[in-house]
Structure formats: C-alpha cells, structure tokens
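These values consider heavy atoms only, across backbone and side chains, with no hydrogens, waters or symmetry-generated copies. All chains are named by letter (A, B, ...) in the order of the sequence lines, taking the proteins before the strands, and each is independently numbered beginning at 1. Only a predicted model underlies this, so the values are computations on that prediction, with no experimental measurement involved.
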Amino acid sequence: MNLFADIRALVIDALGALQAEGTLPAGLDFANVSVEPPRDAAHGDMATNAAMVLAKPAGMPPRAIAEALAAKLMADPRVAGADVAGPGFLNMALAPAVWHGILRSALIGGRAFGSSDLGAGQKVNVEFVSANPTGPMHVGHVRGAVVGDALANLLAFAGWDVTREYYINDGGAQVDVLARSAFERYRQAHGLDPEIREGLYPGEYLVPVGEALKDAFGASLLDQPEEAWLAKVREFATDRMMQMIRDDLAALGVRMDVYSSEKALYGTGQIEAAIDTLRGMGLIYEGTLEPPKGQLPEDWEPRVQTLFRSTAHGDDVDRPVQKSDGSWTYFAPDIAYHYNKVKRGFDQLIDIFGADHGGYVKRMKAAVSALSNGRVPLDIKLIQLVKLWKNGEPFKMSKRAGTFVTLRDVVEMAGADVTRFIMLTRKNDVALDFDFDKVLEQSKDNPVFYVQYANARVNSILRKAREAGLEVDDAVLAGVDLAGLNHPAEIAMARKIAEWPRLVEIAARTNEPHRVAFYLYELASEFHGLWNRGNDEASLRFLQDDPATSQAKIALARATGVVICAGLGILGVTPVEEMR
RNA sequence: GCACCCAUAGCUCAGCUGGAUAGAGCGUUGCCCUCCGAAGGCAAAGGUCGCACGUUCGAAUCGUGCUGGGUGCGCCA
C-alpha cells in the first residue's frame, strides 16, 4: 500500500464530488494533481497542488478551489486537518490512526512491505557487467555489478519480471590474445620460458590456466603451429575465465540468470538476420562516412562500408556494421544480441555500461528502436569511475593482477556488504571515492555502519523485551493498541516509514537504486534521533514499565527495522542484528 | 569540430515525472555528556543552485545559448 496514492485517490474523489455538485466545471484533467510529503513538516503530513493546477482550466482562483476541496476532504476520517497555504497549496494533517495503520502494514507485510505491482509483471532485461572474459574482474567492474544487481532487485520488488544477463564478449580479437597468453603459460608449465610479448596479458592468473592446459592436453600442443591450437586453447581459457568471473560475482553476491555468448551468434545466421531485418526497413546501405571534424585520424582515408542508418532513429551519424574486408564490426553482433533480447519478448531493456562507452548509447538505442519498431525502450545507465583510497592516498596495488586492483581485493578488504552499500551512495553518473579506511569505520560518518546500527538497536530492543517476558513477534505487535503512539517524534518516525512504498516506486521508475541507500540513511537518522531523545525524555524510550505501552513503542521500532531489512535486501546487503 | 555526462554551503554529495523559506554529512563555532539507551548529543553560522535569456501561477529541475571539467568520435571491443 502506498499512502500517498491512497490520499491522492481521496483528493481525486473529492474533486469529482465538487464537479458533481457543480462547484467545479466538468471535463477537468486531474493528471497533474499530485500528493506529496511537504518539504517542511510544519506544513502538515500531505500537500496537494490540486487548486493551483486546476485554477486556470477551471477559471477559478486557486484559493477558492482549495477551500472547497478542504471542506470535502475534512469529511474523511483520515483527514484531521486541511489548510490552504501559500499560493494555493492544500496542506493536510492526517489522523494518528493513519500512521498506526502504516505501522501495522509494515509489521504484517514484513520484508514485502513497500513492494508494488507498478511493473505489472512486465518483462525487463537488465544486462550488466559483461566484462571481457580475459581476466579476473577489477574495481572498474564492481560498481556496475552492484548497481545492476541492486536495480534488478529493485525492479523485481516493484513488480517487474526481471532477467539478469551477462553478455560474454568472446567473439573478438581479445580472446585470441587470451589464448596466446595462456599458451605461453602452458609452455611455462612444461618448464619452458614463457614469452609474454608486448600486447599479451601478463597477469599471473593465467599460470594455473597453463597448468590446467598441461593436464588436459599433455605435451600434444607444444610444437604445433598456432592454427592447430588457437581454437582449442581459446575455448579452454575462455571457459576458465568465465568460471573465475562467476566466482568473483558470487563473492560479491551477484548471480546472473543468463549468460549470453557473442561467439554463439556467429555461424548461426543471427547477425545476418538482424542486419537483413534492418535492410528490409531500408536502414542498411553502402556508403562512405565523413571524417570527424577537427582532429583528423592520421591514417584517415575514405572507405566504402556497409552502414546502419542510425540517424533515422536519433543518432548523430550512421554507423558501420561491416568492415571494408566484409567482416562484421563489433557493432553488428551487438545489434544481433539486442535483437535477440527483443525477440525473447522483453518489454523493456536496460544496459549498464561504463562511462567510457557513452558514445555508444545513441547507436544502441537506435538499433533497438528500429528492431522493435519503437516498442521496446532501452535505458542505458552509464557508471562513473571509482577511485580507491587507503591511508590518505590512492590505492593501486594488486596481489594478483599486477596492474589493476581486482574485485577480490576489494571484497576481501572491505567485505561484500560494505562494498555493495558504498557503491550505491552515489548516483550512477558521478564519480565515487571508495576509502578503505572510512568504509570500515564504526561511526556516524559511515553510512553503512549508521544504517546497520539502527537495525541492531531495533534488535537489541526486541532481545531485551523478550528477556522481560514480552510478546514481540511481528504478528503480535501488529495487533497491539497503538493509540498511545502520538508524540510528534513518534509520528515523524511513522511518516518516514510511510514514505518507503513511494520511494520504491520513484526509484524503480527512474531505474535509480541509489535512492534506496539514501532513503535508508534518512530512515536510520530519524530512528537514531528518536532513540537519542529517549535519553532525555523517558517517555520516548521503547521499553516502558507498562507492557502494553512497551509493545506499542516496540511496534514502531520493529516497523523501522522491517523497512531497513527490506531496503538492505534490495541493495543486496545482509542486515546485522548486533554490532561487534 | 560534434555528441554525451557533470557543475548545488568551505569540502563530499542528495534533491521526488516543475512546488512553499533549496537539504544531509564532514568541517567551523558554541553548549552538553563521560551515561553500555556504548561506538557521542543539542544548537548556530554558512547558498546569486556555473552564467544569461525563455516557458510557467511557480524553475536547482524543462527549453535555447554560453563558460568550465570529464568521456567518446570509421575497419578496437
């Protein structure tokens, strides 16, 4: 249940009644009427802009509309007060029973509280990570993995049918480089000196792959020419890399539903079919691209290529799908892959890319737009860089890879839960500092700790209550009399809890999981504030002498804990019950 | 040259399909606490929301044009 939606429905009903009795003219459009929490709590619990939005079409002064509306709304038992303010806002105060109802919903709903049918079961595909299978995952991949996974959780919570997907770039030249690099390690496993030439992957993670190649193939490949072993070694090494990547993802708590292979698109006619489909739409032609203005590539010369008329779907220039030698560009299999996703029946596609792929967004959207006849929206989230810090300076070293810090390094140093939370403390398109010292600090400065601590305090209350012999199971708490919960600080806590279902819908609509992390921080902040007031005002403590009063206050605390657990669940972070 | 992203308090950042006096944390200043309802609390100061026009009853939010920073720009993915 979403309280804001309920109250909005109430407002719309009241407006309809005003129309029926002739106070308002017929035929008004209520689409822009909104009900929101006021920025300033002094303005009440809910505010609607109805009077201002309707003033012009109704030909009436906003305050007149607002006053008529206020009178109607007051008839509902949920509305305890309705005042016209400012240019025509209608501020409503809600009856305490409304907030008590929210708390019961949270206690009954548990971690499902705030879930929604906004997505209406529509199928959405979230493609993320899609790291090249040439080595272990590094820091650059971590943020994309976390954002993608949390977004998938969020959308599932909001009623979408979600598929998490990884696109394996195993069709290009880089997997040949991997094969050659692994072959050198294979020679090394036989006691020969590896020649890690310029351009090969030097990482030591390939040493065990060389050993495994030796176990699998013995000495049979040693004196063979490259043509004889390349395909075998490539497949072997790629499989090993993908296993490593799956393990890395698992360490971060990420599990994919589908792994799609670029290589598997070749030789199946899928690329040809996708391009032919575009050709049938008149969107493929032979032509020559203009050179980019300004800095001209040194070896530029005009070439005739097979081009996709992406400009017909919003791109700036048309894009090549075939090289001059007739082979496909990297864009062609990507088109085929996205066509594949469209044909699998997804209603919506989401790609999570690194920010350095920003230039790729328009052409990809153009391709999906063309291939789905505009039916399937593609949203592309660009993930900005993560800068690692330790001891006040940039952190660069890696035990395994030599050149880059791996996902494993980060998870081992900070833990998966901390890593995931911190990665969501920034909007996806701004850079993020990840300071190993700060993220592990146990203080208010650390948002992970702060949120976890709030939930730990809730659990501490529950423990103590049980020790005192109180019934505090959720089902029991949901049934207790909450009428005593009427202190402004307690109502404020409930108000924050009531925002959760609305926040979920906003975050899901915008595909922005970071909003959940920020909300949890605010929720925790509200709870710690209430807790601290208990130090001065004994009546605000959660544990009281009177069992019934205690139970009511514990219901409030537990409802907060329920939302924290639900939110952390979306972020993929394990709630802790006790700080140590 | 073009496209995309970013620009909000001294610092790091939020800001709801356009809403009221623009928020949080850190830092600064003042007061309080030394309590396991531990891993601090309360309060204050601090802003031309990069700039300029425009749309609107109303703009940090939308549009146009600029400034500054980042990313990218045909046979690499």
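- In the set B/G74, B/A77, B/C6, B/A77 carries the atom at the smallest distance from any side-chain atom of A/Asn169.
- Base contact: A/Pro302 has a heavy atom under 4.0 Å from a base atom.
- For the P atoms, the distance linking B/G70 with B/C13 amounts to 16 Å, nearest Å.
- Qualifying side chain to side chain donor-acceptor pair (under 3.5 Å) partners for A/Asp316, counting only residues two or more places apart in sequence or in other chains: A/Lys362.
- Between B/A45 and B/G27, the distance separating the two C1' atoms is 13 Å to the nearest Å.
- Base engagement by A/Ser324 is indicated by at least one non-hydrogen atom pair under 4.0 Å involving a base atom.
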Close N/O contacts between protein and nucleotides 27-32 of chain B (under 3.5 Å):
none

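- Relative to the side chain of A/Lys427, the nucleotides B/G37, B/G15, B/G40 differ in distance, and B/G15 lies closest.
- Between the CG atom in A/Leu178 and the CE atom in A/Met241 there is a gap of 6.0 Å [rounded to 0.5 Å].
- You'll find the ring centres of A/Tyr339 and A/Tyr337 outside the 6.0 Å limit.
- In this structure, the side chain of A/Asp45 engages the main chain of A/Leu94 through a donor-acceptor pair within 3.5 Å.
- Residue contacts shown for A/Glu505 are absent, as no nucleic acid heavy atom lies under 4.0 Å away.
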Taking only N/O atoms, report every protein-nucleotides 10-12 of chain B pair under 3.5 Å with atom names and distance.
from	atom 1	to	atom 2	distance (Å)
B/U12	O2'	A/Arg426	NH2	2.6

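- Residues A/Pro57 and A/Asp29 have side chains not in contact (no heavy-atom distance under 4.5 Å, counting atoms from C-beta outward).
- In this structure, A/Phe89 packs face-to-face on the six-membered ring of B/A20, meeting both the 5.5 Å centre cutoff and the 30° plane limit.
- With sequence neighbours excluded, the residues satisfying side chain to side chain donor-acceptor pair (under 3.5 Å) with A/Lys341 are A/Glu127, A/Asp351.
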Under 3.5 Å, which protein N or O atoms sit close to an N or O of nucleotides 2-4 of chain B? Give each pair with its distance.
from	atom 1	to	atom 2	distance (Å)
B/A3	O3'	A/Lys362	NZ	3.0
B/A3	O2'	A/Asp316	OD2	3.3

List the atom pairs, donor and acceptor, that lie under 3.5 Å between side-chain atoms in residues 498-509 of chain A and the rest of the protein, sequence neighbours left out.
from	atom 1	to	atom 2	distance (Å)
A/Glu499	OE1	A/Lys496	NZ	3.3
A/Trp500	NE1	A/Phe113	O	2.9
A/Glu505	OE2	A/Ser116	OG	3.1

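- The residue among A/Asn535 and A/Ser525 whose nearest nucleotide of RNA chain B lies closer to the 5′ end is A/Ser525.
- Judged by distance alone, with hydrogens and angles left aside, the side-chain atoms of A/Arg515 form no donor-acceptor pair with the main-chain N or O of A/Asn511 at under 3.5 Å.
- For A/Thr134, there are no side chain to side chain donor-acceptor pair (under 3.5 Å) partners at least two apart in sequence or on another chain.
- Nucleotides B/U61 and B/G15 place their C1' atoms 9 Å apart, quoted to the nearest Å.
- Spacing between B/A20 and B/C66 at atom P, rounded to whole Å, works out to 31 Å.
- With the 3.5 Å cutoff on both pairing distances, Watson-Crick and G-U pairs in RNA chain B assemble into runs of at least 3 at B:1-7 with B:67-73, B:10-13 with B:23-26, B:28-32 with B:40-44, B:50-54 with B:62-66.
- Classified by interplanar angle (parallel below 30°, tilted 30° to 60°, perpendicular above 60°), the ring pair A/Phe518/A/His514 is perpendicular.
- A/Ala355 comes within 4.0 angstrom of sugar-phosphate atoms only, judged by non-hydrogen atoms across all strands, and of no base.
- Nearer the 5' end of RNA chain B, as judged by each residue's closest nucleotide, is the contact made by A/Leu543, out of A/Val317 and A/Leu543.
- Expressed to the nearest 0.5 Å, how far CG of A/Leu470 lies from CD1 of A/Ile554 amounts to 5.5 Å.
- Among the heavy atoms of the strands lying under 4.0 Å from A/Glu262 are primed sugar atoms or P, OP1, OP2 only; no base atom is included.
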Can you check nucleotides 57-66 of chain B for protein contacts, nitrogen or oxygen pairs under 3.5 Å, and list what you find?
from	atom 1	to	atom 2	distance (Å)
B/C57	OP1	A/Lys56	NZ	2.1

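- Once the 5.5 Å centre distance and the 30° plane angle are applied, the aromatic ring of A/His43 is found stacked with the base of B/A20.
- A salt bridge between A/Lys553 and A/Glu490 is present, with a side-chain N of the basic residue lying under 4.0 Å from a carboxylate O of the acidic one.
- Pairs engaging residues 424-437 of chain A under the side-chain hydrogen bond (donor to acceptor under 3.5 Å, both in side chains) rule: A/Trp389-A/Asp433 [sequence neighbours left out].
- The side chain of A/Arg515 lies closest to B/G15, out of B/C6, B/G15, B/G41.
- Residue A/Asn49 is classed as a base contact, given a heavy-atom separation below 4.0 Å to a base.
- Counting non-hydrogen atoms under 4.0 angstrom, A/His514 reaches the backbone sugars and phosphates but no base.
- As rounded to the nearest Å, B/U12 and B/U21 have C1' atoms that lie 25 Å from one another.
- Among B/C16, B/A39, B/A14, the nucleotide with an atom closest to any side-chain atom of A/Arg457 is B/A39.
- The same atom, C1', is picked in B/A22 and in B/A9; the two are 11 Å apart, to the nearest Å.
- With B/G37, B/C16, B/G74 as the choices, the nucleotide that has an atom nearest any side-chain atom of A/Leu289 turns out to be B/G74.
- Each of A/His357, A/Arg143, A/Lys381 was evaluated against A/Ile352; a single residue qualifies, A/Lys381, per the side-chain contact (heavy atoms from CB on, under 4.5 Å) test.
- Distance from the side chain of A/Arg541 is smallest to B/G37 among B/G37, B/G41, B/C16.
- Distance from the side chain of A/Arg502 is smallest to B/C16 among B/A39, B/C16, B/U71.
- Here the nucleotide nearest the side chain of A/Asn132, chosen from B/A77, B/C16, B/G74, is B/A77.
- With P as the reference atom, B/G23 and B/C16 are 14 Å apart, rounded to whole Å.
- Distance from the side chain of A/Asp429 is smallest for B/C5 among the nucleotides B/C5, B/G37, B/G25.
- Under 3.5 Å, the side chain of A/Tyr453 and the base of B/A39 form at least one donor-acceptor pair of N or O atoms.
- Applying the ring pair (Phe, Tyr, Trp, His ring centres under 6.0 Å) criterion to A/Tyr259, with sequence neighbours excluded, gives A/Tyr166.
- Counting only residues at least two apart or on different chains, the side-chain hydrogen bond (donor to acceptor under 3.5 Å, both in side chains) pairs with a member in residues 535-544 of chain A are A/Arg533-A/Glu537.
- With B/A77, B/G25, B/G74 as the candidates, the nucleotide lying closest to the side chain of A/Gln174 is B/A77.
- For the atom pair CZ of A/Phe449 and NZ of A/Lys444, the computed distance is 11.5 Å after rounding to the nearest 0.5 Å.
- For A/Ile422 and B/C13, the CD1 to P distance is 13 Å, given to the nearest whole Å.
- Remark: the separation of the C1' atoms in B/C26 and B/U17 is 32 Å, to the nearest Å.
- The side-chain tip of A/Arg363 does not point at the ring of A/Phe308 from less than 6.0 angstrom away and within 45° of straight on.
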